[in-house]
Amino acid sequence: MAANKPSIAIIGGGISGLTLAIALIRRGLNVQIYEQARAFGEIGAGVAFGPNSIRAMKTCSPDIFDAFEKVATINQWPEKKNVWFDFHDGYDKDSPVGQEKLLFTLSSESGNNAVHRAHFLDEVIKLVPDEITHFRKHLDTIEQPIGQGKVKMTFHDGTAAEADAVIGCDGIKSRTRAWMLGGDDTPGAAPVYTHKYAYRGLIPMQRAVDALGDDNARNSKMHLGQDGHILTFPVSKGQTMNVVAFYTNNDDWPDAQHLTKSTEKKHVYEDFKHFGPTVQKIIDMLEPNLDCWAIFDTGDHPMQAYNKGRVCCLGDAGHATSPHHGAGAGMCIEDTAIMAELLAEKTVHDAGIKGIEAAFQAFNDCRLERTQWLVQSSRRTGDLYEWRAEHVGRDIEKIHTECKERDEKIWNVKIDDLITEAKQHLRTLLS
Ligand SMILES: Cc1cc2nc3c(=O)[nH]c(=O)nc-3n(C[C@H](O)[C@H](O)[C@H](O)COP(=O)(O)OP(=O)(O)OC[C@H]3O[C@@H](n4cnc5c(N)ncnc54)[C@H](O)[C@@H]3O)c2cc1C
């Protein structure tokens, strides 16, 4: 290994791959990113981060946190800065628009800290040196030698590359995961449809304020109902209101290769026809033609291990979750902080191949339970929001208690404690 430090190949340049690359570079490691697209890119939608994710960003690298701060938006009313969401009764047909009955509020130390995905990515990309990025490199397969020698990656364009270790940050349809599990037909290689889908929209803030009133437009709101829920929160420093409208039914998704399909607004009205006037007003503001996003996850066949020798899965590649906790990307950043801290250990470099294997083993042993719990808990949370959860139904007090307990399990973790635990485990593995 050159200069004793391992060379790391990262497959995929989403939130996981880019934050990992930056965190590793800041720790002096030699990193290359292989991304299938012709450029880094994110969709125009919002993504919220809880306090655990923000703590993890700071550990990854202060400049990732600075990039986040540049574009992050919290609730616009100062008295609501710690509110994660106000939960309203979306079925309330008696109250006028904007005055739906408030059921309960969940708060955290950072409130609803959200970014426009593309804006966050633009800031993060500035921290990634051009010379380490390789575009149009769709990973096809991996060959890992027994013992010494580099791990070889082969790409769809016929080219190949080598590294001491490979970290798959290639998202929900990860090739790295499929390779680790033994091929495309192995259970768990492909994600599964959760029978929920989402319509998304971005509404200019003044339009949202005019339609819904100041509180509803400028602060994070969740509108609960039977088989569906709609959430809104401000992004782009309060210039835009992000909308995500989820719905559940028993139909199959028509094409598992494509997780989005074009649709028309009349289908949104149809799905939410039993909801009250505030929800109808939100739908009025969506575009007439919009995309519908299938919610897939890896919850039916959870990975039993994220590591296989010197290959490891990180982020959605290992634990793609439905978005109901608003914590999937945050969990990716927790992964990144822990992986970067483990790979930066001198004992790992000194131990050569065995060092990398031990670092990946320690990562797996410390991350598997929490991240796979998130996948299952997110499914349950989606059902709680939609009055479908077993033994709970429409019992608002029970929904409140269970959501709070689950969210606090995500938020209250201290990244420093997770890292200390992971490093102690690494020492045991290497001793
Ligand atoms: C509707 C919705 C709302 C969400 N809201 C939130 C939220 O509010 N808060 C939150 O924390 N999380 C949220 N999430 C989850 C979050 O979006 C994901 O957890 C996160 O984006 C995953 O990042 P990633 O980098 O692991 O994967 P991805 O973002 O999927 O990135 C994977 C990258 O790998 C590349 N790639 C894929 N295959 C290959 C290959 N074979 N070779 C080379 N490159 C490849 C892709 O092009 C892509 O650039 C939401 C998800 C959804 C669907």
Side-chain angles (χ1 to χ4, degrees), residues 9-21 32-43 45-54 56-57 68 84-85 112-117 120-121 124-125 133-142 153-157 161 166-179 184 191 194 196-201 220 222 231 233 235 242-246 259-260 291-298 313-336 371 374-375 378 382 410-411:
I10 295 175
I11 310 296
I15 286 177
S16 299
L18 292 176
T19 55
L20 180 65
Q32 302 290 318
I33 305 176
Y34 300 92
E35 164 59 48
Q36 67 181 1
R38 62 185 62 177
F40 295 126
E42 263 288 2
I43 52 163
V47 59
F49 289 95
N52 58 310
S53 343
I54 294 171
M57 272 180 215
F68 169 74
W84 172 243
F85 277 103
N112 194 300
N113 225 317
V115 295
H116 184 295
R117 280 171 179 267
F120 181 44
L121 198 84
V124 168
I125 290 166
T133 56
H134 309 270
F135 293 114
R136 299 176 196 226
K137 296 292 172 192
H138 173 89
L139 178 78
D140 264 347
T141 191
I142 298 174
M153 296 148 281
T154 308
F155 302 102
H156 203 60
D157 63 0
V166 173
I167 304 180
C169 297
D170 41 354
I172 189 164
K173 294 185 188 170
S174 170
R175 294 287 314 153
T176 314
R177 182 177 70 240
W179 174 82
D184 290 342
T194 62
K196 285 183 164 48
Y197 51 83
Y199 307 98
R200 300 166 105 170
S220 45
M222 189 90 75
L231 60 90
F233 55 79
V235 291
N242 179 58
V243 180
V244 194
F246 292 94
L259 304 193
T260 60
D291 282 341
C292 177
W293 297 68
I295 307 299
F296 278 65
D297 73 9
T298 51
C313 281
L314 183 147
D316 272 21
H319 45 81
T321 170
S322 54
H324 309 302
H325 270 305
M331 213 46 82
C332 297
I333 296 177
E334 275 188 14
D335 276 2
T336 289
T371 50
L374 179 79
V375 178
S378 179
I410 298 169
W411 298 334

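Not measured: the values here are computed from a predicted model. Numbers for residues simply follow the sequence, beginning at 1. Counting starts at 1 for both ligands and their atoms, following the listed order.
Ligand 1 lies nowhere less than 4.0 angstrom from a heavy atom belonging to Val244. For the ligand labelled ligand 1, residue Met331 lies outside the 4.0 Å heavy-atom shell. Remark: distances from the non-hydrogen atoms of Lys173 to ligand 1 are all 4.0 Å or more. Using a 4.0 Å cutoff on heavy atoms, Ala198 does not count as a contact of ligand 1. At least one heavy atom of Cys332 sits less than 4.0 Å from an atom of ligand 1.
Among protein heavy atoms, atom 37 (C) of ligand 1 sits closest to Asp170 O, 3.2 Å. Closest to atom 30 (O) of ligand 1 among all protein heavy atoms lies Gly171 CA, 3.6 Å. From the protein, the heavy atom lying nearest to atom 6 (C) of ligand 1 is Val47 CG2, 3.6 Å. For atom 18 (C) of ligand 1, the closest heavy atom belonging to the protein is Asp316 OD2, 3.4 Å. Scanning the protein heavy atoms around atom 35 (C) of ligand 1, the nearest turns out to be Glu35 OE1, 3.3 Å. Nearest protein heavy-atom neighbour of atom 21 (O) of ligand 1: Arg117 NH1, 3.5 Å. In terms of protein heavy-atom proximity, atom 42 (N) of ligand 1 is closest to Leu139 N, 2.8 Å.
Aromatic ring pairs are classed by plane angle as parallel below 30°, tilted from 30° to 60° and perpendicular above 60°; the pair Trp84 and Trp411 is perpendicular.
Close contacts of ligand 1 with Pro323, meaning ligand atoms under 4.0 Å from a residue heavy atom, involve 1 (C), 2 (C), 3 (C), 4 (C), 5 (N), 50 (C), 51 (C), 52 (C). Shown in contact with Arg175 at under 4.0 Å from a heavy atom are these atoms of ligand 1, numbered in order with element: 41 (N). Residue Lys137 approaches ligand 1 through these ligand atoms, each under 4.0 Å from one of its heavy atoms: 42 (N), 43 (C). Atom numbering of ligand 1 starts at 1 in the shown order; those under 4.0 Å from a heavy atom of Ile15 are 25 (O). For ligand 1, the atoms closer than 4.0 angstrom to any heavy atom of Gly330 are 11 (O). For ligand 1, the atoms sitting less than 4.0 Å from at least one non-hydrogen atom of Cys169 are 32 (C), 33 (C), 34 (O), numbered in the order shown with element in parentheses. Close contacts of ligand 1 with Arg200, meaning ligand atoms under 4.0 Å from a residue heavy atom, involve 1 (C), 2 (C), 3 (C).
Contact annotation: for Ala37 versus ligand 1, there are no heavy atoms closer than 4.0 Å. At a 4.0 Å heavy-atom cut-off, ligand 1 touches Tyr34 through the backbone alone. Under 4.0 angstrom from ligand 1, the non-hydrogen atoms of Gln36 come from both its backbone and its side chain. Proximity of His324 to ligand 1, defined as any heavy-atom pair under 4.0 Å, is not found for any part of the residue. With a 4.0 Å heavy-atom cut-off, ligand 1 is reached by no atom of Thr321.
Minimum heavy-atom separation, Ala37 to Phe135: O-CB, 3.3 Å. When all heavy atoms of Tyr197 and Ile295 are compared, the pair lying nearest together is CA-CG1, 4.0 Å. Scanning both residues, Gly330 and Phe49, for their nearest heavy atoms gives N-CE2, 4.0 Å. When all heavy atoms of Ile125 and Phe40 are compared, the closest pair comes out as CD1-CB, 3.5 Å. Between Asp170 and Leu139, the closest heavy-atom pair is OD2-CD2, 4.3 Å. Of all the heavy atoms in Cys169 and Ile10, the pair that sits closest is SG-CG2, 3.9 Å.
Listed for the Arg177 side chain is no donor-acceptor partner under 3.5 Å among the backbone atoms of His319. Proximity of a side-chain donor or acceptor of Ser378 to a complementary backbone N or O of Val375 within less than 3.5 Å is not detected.
Checking Thr141 against Thr154 by side-chain atom types alone, no donor-acceptor pair falls below 3.5 Å.
Between Asp184 and Arg175, some side-chain heavy-atom pair lies under the 4.5 Å cut-off. Put simply, the side chain of Ile142 does not reach to within 4.5 Å of the side chain of Ile11, judged on heavy atoms. Put simply, the side chain of Lys196 does not reach to within 4.5 Å of the side chain of Pro323, judged on heavy atoms. You'll find the side chain of Leu18 reaches within 4.5 Å of the side chain of Ile33, heavy atoms only. Thr133 is not listed as a side-chain neighbour of Glu35, based on a closest heavy-atom distance of 4.5 Å or more.
Between Ala317 and ligand 1, no pair of N/O atoms sits closer than 3.5 Å. Residue-to-ligand polar distances keep Ile172 apart from ligand 1: every N/O pair is separated by 3.5 Å or more. Considering backbone and side-chain N/O atoms, Ile11 never comes within less than 3.5 Å of an N/O atom of ligand 1. Residue Phe49 has no N or O atom closer than 3.5 Å to an N or O atom of ligand 1.
The residue among Ala320, Gly13, Ala329 with a heavy atom at the shortest distance from atom 10 (C) of ligand 1 is Ala329. Taking all heavy atoms of Gly315, Ser16, Gly14 into account, the minimum distance to atom 26 (O) of ligand 1 is reached by Ser16. Of all the listed residues (Ala48, Gly17, Gly12), Ala48 holds the heavy atom that lies closest to atom 9 (N) of ligand 1.
Counting heavy atoms of neighbouring residues, nucleotides and ligands inside a 6.0 Å radius, atom NE2 of His138 exceeds 12 of them.
Annotation: Phe155 is not in aromatic contact with His134 [ring centroid separation under 6.0 Å not met].
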message: Is there a side chain to side chain donor-acceptor pair (under 3.5 Å) between Thr336 and Thr19? Walk through the geometry before answering.
response: CA-CA 7 Å; Thr336 289; Thr19 55; 3.2 Å; yes
